[in-house]
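Just so we're clear, the structure is a prediction, and the values are computed from it rather than from any experiment.
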Amino acid sequence: MAAPVVAARVVLPAMPLGDALLALARQTGRNILFATSDVAGAQAPAIRARDFDHALQILARSNGLVATRLAGGAVRLRRPQFPAPRVRPAVPRRMVAPPVPPTIEDRTAIVVEASLAARAWTAGDAVRPQDALASTQIRRLPDRTIAEALGRLPGIVTLATSLEGAMGRVDHAGRATGDFVAMRGLPGTYVETRIDGFEIPQSLPYSRGTQLGLMALAPDMALQVHRVLDARLAGEAIAGTLDIDHLAPFAAKARGLRLGLTAGADDQAWRFGQNAGTWGANAGFGWQTPDGRLALTASAALSRRHFASVEQTYQSGNLAYALTDAQGQSAPGLDPAANLLLASVNAQVTRGTAHEETAFVALGWRADDRLTVTASAMWASRAIAQDVYQVSVQGGRAAGFFAQTATSAGLLQTQSVRADAHYWFETNPERDRLGMAQLALAWNAGRVQAQARVFGALGRTDRPDHIEISFWDSDATRLSGGVRTAYVRGFPVLRLDPGDAALVANPLAFPVHNQGERESETSQDHRLGGDWRVRLADDAAWHGEIGGLAVLSWRSRATAHFLYADTLPAGTTLGNSGLVDGQIGPVLRGIYDYTIPTISDAALLRAIGRAKVQPRTIDDSNANAYAVQEDRLAAYVVVGRPLADGLDAALGLRGEWSHIGGRYWLAGNDGVPADGVAYGWNRLAARYAALLPSVTLHWRSAGPWTADAALWTSMTRPSPFQLTGGGSATRDNQGVTEIQVSNPDLKAVRGTNLDLGLAWQGPGGLHLALGAFAKRLARYLNDTGNDLNNPASVMQYRAVRLIRPENGGTATILGAEASVALPLGLVAGALRHFALAGDLTLLHSAVHLENPALDRVERTQYAPASNLLLRLHYDDGRFSADAACRLTGAYIQEYGIEVPSFAGTSPLSGSALDTWVRPSRQIDFAMARSWGTQTLRLALRNGLGDTAYRATIGRYSDAVPQTILGGRQLLLTWSAGF
């Protein structure tokens, strides 16, 4: 039995047919299925209809379409010459998704479906249509995480690592998986990420960003991006919002059973003789009563992936200027980055396993024609076991490792004269968990729509049992000279005499040095909250909306660090330690021809378990801990109406109020205040308030053109880590204690945003869109991870240096985005099954960090000057193939503030020493064969084996690089619907 139709007048102005169908579906809460190629270029007349059926009849007949009613109340629109959708007779109520046209649909979803009743209706969202990726589009290419999938949309860059939450930094990048994104030149701190309408808990310890690699790409998932925001969404997001949407219980695609299996392999792990396999399984199920009143949908996914990568890194601080003046500054006229002397080379291998689980369930009840109640819950977890093995030569641990000689020009030439061979092992495990549940009521009376929701959520990020041990000795593994390097294919390669080369090649003979340390870290966010909104509209097409939000958040962070002095007997070598369980090698033929012994995690943990913990202070127990509560309230109002034929305008105002309070531990002097420093537990209190106006304009021509303009404001609060200052104290090799203190006076970053857009929809799916935007941020806060933001020495006495975070000045980001989709059948009939698409993003940024160590004007982080996405697609209904290329320009990851120099020979600071992530390329291939409702797909990720991550100190110099080679991944997937 079809679901009852809501009896209400429908009034729509003349507009493109696709927009009219979307508006009709949203106003009435009904499902309308159509292929975009069927409505491309078609126009809808002005509509004044008595109800949904009447309006649909007018729209269909005016454009020669046939409307067919499907089980559950959905309606299918198609052209008469198209074949009818195939429905298996054994399950008459199962829905078949409309056929995918041979075009690339990266901007609008192919299927229009009613979302969860818990989510806001989309008719009044951002003026410009949001970017969306439906599950079918996601599955065409071998993306493993949400971050990687989002990186295929214009304006978004997928990051292998970032400073805002990657515990392990470059070793996190060794997983060769995209876990973070930057949008329009801003990191995740400035992006609000939501699941089914609510912001995800922020469990990363150092920022307000989210780790999007947590959730696997479930088959029933859709991803949406909003870059242009009005008062409904603009509160915390300056860059934009990301929406992760599960399938709603009343959606047509939710009916029946869906299954999927995945198998694959990692070629790098295979080369090293390690576990290389990947496997996964997913299932989805949907059910609805015959009268359409009650519906249930559920899905689950499980996967396990083995990975391996090659890493080349340098030891932090093993740097000095090669040529200096008498004051230790880089010699005049030289690029400071190119003048750096690299005094360490680390050859590393990373191996590990990622295990992911997700589950979702939603129950919907249509109490009557107007009221819908929805309850939903989801759970996601990811556990990563990662080991890093390193053979290295280090030559800059102290000033005595360098020698300086005067040149005839009055300068000093610095050389490495001493170095030690090292073997080092660490685990870099991580466990992430996310749970969310919500209850929602939606009421639709035609002109008046309302909804209310409540939710609870928890997020937790752990780094359990991070363990380290090293083997070396200042005598037994000392080289005959210092570090000398040559560069081969961009990698620094050690130049060793035969005796030193033999020493480095035999790490089994290295004696134990660091007997072992173990560290655990936990960061979590628990939330309760809810929101409401009411929308009003009249026959003249004006509309108004009011709404509000209240969220309580409890965030905490705790660490525990333990040192052991008797894990192994003195003089024990790696070879007779009982820890070695195999070997990997050569690391990289022709460059690092080392064979690296591997260590058993379990054996090391057992040895540490038998050892005695060195005495721990109260600072050791409480270091870096904080516990804060955040209270956030928001309210908004939006009013809009037509100004002229095809031109609509909306004005909005949003109010944001928040309070952050709690306590944090400032390490030092065992928690006893001294010298005017409040060691121990400290209180934190900070308040933020803002009024955020917005205005949007949208114009639809009588033809296929649309244009948009928006001026809106937004804000982003500092993270608890920035407000608490990290709460730590460290002593450098010169005996100076550096204390990171809090700054509860940090200001929120305010953003003023201007957006312009122009789009044209041609025949057969031909699409062109141009956009330009400008953002101006006041009181900018840059991303420094577990280091402080904009550190500035504010006090120095008694060998104590106090450092605290500070707001910077203004930042300006200018950008342009262009998207085109070209069905090649328009060029030649023989190419009717092919389509080509491209997206180009251009960025220009300038930021005043107001740090005396840096240039007056810097670029913002994570803002490549260009990002180009290309895709070629073939689809004849049974066989499909895709080739996709992503070309990302260089961008700054970290500013060159006080680059560590253990040698103490020269001050290393300045914009020339910014860390740049170099340009990257990734090319992916996929092909699929369909039989009815079954699809078999074969995909190759990173088909050309391009570098996963390469960063250098300095934009153009290769003197100090870090490089990750992640290899290729082959994936075979099977999916079916029943």
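No side-chain donor-acceptor contact under 3.5 Å links Asp171 and Gln386. For the residue pair Glu356 / Ser303, a side-chain donor-acceptor distance below 3.5 Å is found, with atom types taken as modelled. Side-chain contact, Asn346 with Gln315: a donor N or O sits under 3.5 Å from an acceptor N or O. Side-chain contact, Gln394 with Ser392: a donor N or O sits under 3.5 Å from an acceptor N or O. Gln202 and Glu199 share a side-chain donor-acceptor pair at under 3.5 Å. Side chains of Glu468 and Trp424: a donor on one and an acceptor on the other come within 3.5 Å. Judged purely by distance below 3.5 Å, without hydrogens or angles, the side chains of Thr598 and Asp581 pair a donor atom with an acceptor atom. Donor-acceptor pairing under 3.5 Å is recorded for the side chains of Glu164 and Thr189. Judged by distance alone, the side chains of Asp839 and Ser819 do bring a donor and an acceptor atom under 3.5 Å apart. Side-chain contact annotation: Thr963 with Arg950, donor-acceptor N/O pair under 3.5 Å present.
Counting only residues at least two apart or in different chains, salt bridge (charged side-chain N to carboxylate O under 4.0 Å, His left out) contacts with residues 201-210 comprise Arg208-Glu630. For residues 259-274, the pairs satisfying salt bridge (charged side-chain N to carboxylate O under 4.0 Å, His left out) are Asp267-Arg968, with sequence neighbours left out.
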### Query
Would Arg886 and Thr158 count as a side-chain contact (heavy atoms from CB on, under 4.5 Å) if you check the C-alpha gap in whole Å, the side-chain angles of each, and the deciding distance to 0.1 Å?
CA-CA 10 Å; Arg886 177 167 48 214; Thr158 299; 4.3 Å; yes
### Message
Set out, in order, the CA-CA distance, both residues' side-chain angles and the distance that settles side-chain contact (heavy atoms from CB on, under 4.5 Å) for Thr952 and Arg918, then state yes or no.
### Response
CA-CA 7 Å; Thr952 58; Arg918 305 303 282 271; 2.9 Å; yes
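Within the cation-pi definition used here (under 6.0 Å to the ring centroid, within 45° of the axis), Arg304 does not qualify as a partner of Trp279.
Heavy-atom minimum distance, Gly838 versus Leu870: CA-CD2, 4.2 Å. Ala337 approaches Gly954 most closely through the heavy-atom pair CB-CA, 3.6 Å. Of all heavy-atom pairs spanning Thr915 and Ala951, the tightest one is CG2-CB, 4.0 Å. Here the shortest heavy-atom pairing between Pro961 and Gly490 reads CG-O, 4.0 Å.
Under the rule for a salt bridge (Lys or Arg N to Asp or Glu O under 4.0 Å), the partners of Asp924 that lie at least two apart in sequence or sit in another chain are Arg152. By the side chain to side chain donor-acceptor pair (under 3.5 Å) test, Thr177 pairs with Arg144, Arg305, sequence neighbours left out.
Few gaps surround OH on Tyr487; more than 12 heavy atoms of other groups in view lie less than 6.0 Å from it. More than 12 heavy atoms of other residues, nucleotides or ligands lie within 6.0 Å of CZ in Arg955, so this atom counts as buried by the packing criterion.
Taking the centre of each ring, Phe425 and Tyr389 come in below the 6.0 Å mark. Between His172 and Phe180, the ring centre distance stays below 6.0 Å.
The aromatic rings of Tyr862 and Tyr891 are tilted relative to each other, their planes meeting at an angle between 30° and 60°.
Under 4.0 Å is where a charged nitrogen must lie from a carboxylate oxygen, and between Arg460 and Asp432 no such pair does. The pair Glu521-Arg557 counts as a salt bridge, with a side-chain nitrogen and a carboxylate oxygen less than 4.0 angstrom apart. In this structure, Asp914 does not pair ionically with Arg859, as no charged nitrogen and carboxylate oxygen lie closer than 4.0 Å.
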Identify every side-chain donor-acceptor pair in residues 938-945 under 3.5 Å, counting partners at least two apart or on other chains, and give the distances.
| from | atom 1 | to | atom 2 | distance (Å) |
| --- | --- | --- | --- | --- |
| Arg941 | NH1 | Gln969 | OE1 | 2.9 |
| Arg941 | NH2 | Glu148 | OE2 | 2.5 |
| Asn942 | OD1 | Asp946 | N | 2.9 |
| Asn942 | ND2 | Asp946 | O | 3.1 |
| Asn942 | ND2 | Gly967 | O | 2.8 |

Could you tabulate the donor-acceptor pairs under 3.5 Å formed by side-chain atoms of residues 584-596, not counting sequence neighbours?
| from | atom 1 | to | atom 2 | distance (Å) |
| --- | --- | --- | --- | --- |
| Tyr592 | OH | Pro492 | O | 2.6 |
| Asp593 | OD1 | Gly590 | N | 2.9 |
| Asp593 | OD2 | Gly590 | N | 3.4 |

